[in-house]
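Structure first, then comments.
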Amino acid sequence: QVQLVESGGGLVQAGGSLRLSCAASGRTFSIYVMGWFRQAPGKERDFVAGISRSGSNTAYADSVKGRFTISRDNAKNTVTLQMNSLKPEDTAVYYCAARRFGGVLTDPYDYWGQGTQVTVSS
């Protein structure tokens, strides 16, 4: 089992940038597919980005392609979401997630962090 803790959320103006980090417990971080999801008020939790165990493959929601970048450091047990050109519609609670089995980055995830709030003002 893995525990996930997000950090880096906050308030930013439209057009600005934020960098979210997720720290994972345990010594076997590299066996997990990692992802970022977000949930806006009154909406379902949506996939944002995913990264393979080695970091060689990534996937993004259409709404963030070209603006967000997911990366991971298996030596430091961290996954990062760099968010640029932020828009008010990016406002949401962002969750880090992990999955032990399977390789499809958009499939359901098993483990979740507590979430971090991102607010983008217009």
Side-chain angles (χ1 to χ4, degrees):
Q1 194 166 350
V2 62
Q3 282 79 47
L4 306 171
V5 178
E6 303 96 336
S7 61
L11 174 64
V12 64
Q13 288 188 334
S17 298
L18 278 177
R19 186 178 181 88
L20 303 183
S21 293
C22 174
S25 65
R27 298 178 295 174
T28 56
F29 177 68
S30 62
I31 68 174
Y32 295 96
V33 169
M34 299 298 298
W36 286 95
F37 288 72
R38 67 186 181 186
Q39 187 169 21
K43 296 187 177 180
E44 294 184 353
R45 187 156 53 187
D46 292 328
F47 173 82
V48 174
I51 189 166
S52 62
R53 294 171 181 83
S54 68
S56 59
N57 294 321
T58 58
Y60 297 93
D62 288 343
S63 58
V64 307
K65 280 181 181 176
R67 301 189 297 122
F68 290 12
T69 303
I70 187 171
S71 60
R72 68 188 294 163
D73 186 334
N74 286 342
K76 296 182 178 179
N77 286 15
T78 58
V79 61
T80 299
L81 186 68
Q82 177 67 42
M83 306 186 295
N84 298 328
S85 302
L86 282 161
K87 305 175 181 180
E89 50 264 45
D90 295 317
T91 296
V93 177
Y94 282 71
Y95 296 90
C96 177
R99 189 178 73 243
R100 172 65 181 91
F101 298 105
V104 179
L105 301 180
T106 53
D107 276 353
Y109 284 66
D110 303 315
Y111 305 101
W112 298 87
Q114 83 288 351
T116 185
Q117 176 71 45
V118 171
T119 303
V120 184
S121 63
S122 57

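Please read all numbers here as calculations on a predicted model, not as lab measurements.
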Can you see which heavy atom on [X] is nearest to which on [Y], and at what distance?
X     : Y     : value
Ala98 : Val2  : CB-CG1, 4.0 Å
Gly9  : Leu20 : N-CD2, 3.6 Å
Phe29 : Ala24 : CD1-CB, 3.4 Å
Thr80 : Ser21 : OG1-OG, 4.0 Å

Qualifying residues under side chain to side chain donor-acceptor pair (under 3.5 Å), relative to [X], sequence neighbours excluded:
X     : value
Ser25 : Gln3
Asn84 : Ser17, Gln82
Thr28 : none

Applying side-chain hydrogen bond (donor to acceptor under 3.5 Å, both in side chains), which residue pairs with at least one partner in residues 111-122 are found, sequence neighbours left out? Glu6-Gln114, Gln117-Thr119

Main-chain N/O of Ser85 paired to Arg67 side chain as donor or acceptor, under 3.5 Å: yes

Keeping to residues at least two apart or across chains, list the salt bridge (charged side-chain N to carboxylate O under 4.0 Å, His left out) pairs with something in residues 50-62. Asp62-Lys65

Could you give all pairs that pass the salt bridge (charged side-chain N to carboxylate O under 4.0 Å, His left out) test and reach residues 99-108, with sequence neighbours left out? none

Any chain of hydrophobic side-chain contacts (each under 4.5 Å) joining Ile31 to Ile70? yes

Do the side chains of Tyr109 and Leu4 join up, straight or via other hydrophobic residues, at under 4.5 Å, putting them in one cluster? no

About how many Å separate OG of Ser30 and CG of Asn74, when rounded to the nearest 0.5 Å? 5.0 Å

I need the Ile51 CD1 to Arg72 CZ distance, nearest 0.5 Å. 6.0 Å

Residue pairs, two or more places apart or on separate chains, that pass ring pair (Phe, Tyr, Trp, His ring centres under 6.0 Å) and touch residues 49-74: none

According to disulfide bond (SG atoms under 2.5 Å apart), does anything in [range] pair up with another residue at least two apart or in another chain? List the pairs.
range           : value
residues 17-122 : Cys22-Cys96
residues 63-92  : none
residues 48-87  : none

Within the 4.5 Å heavy-atom criterion, are [X] and [Y] side-chain neighbours or not?
X      : Y      : result
Asp110 : Phe101 : no
Val118 : Met83  : yes
Val33  : Leu105 : yes

The criterion is side chain to side chain contact (heavy atoms under 4.5 Å, CB included); which residues satisfy it with Asp73, sequence neighbours excluded? Ala75, Lys76, Thr78

Let me check something: any side-chain donor-acceptor pairs from residues 34-48 under 3.5 Å, sequence neighbours excluded? List them with distances.
unit_1, atom_1, unit_2, atom_2, d
Arg38, NH1, Asp90, OD1, 2.9
Arg38, NH1, Tyr94, OH, 2.9
Arg38, NH2, Ser63, OG, 3.4
Gln39, NE2, Lys43, O, 3.0

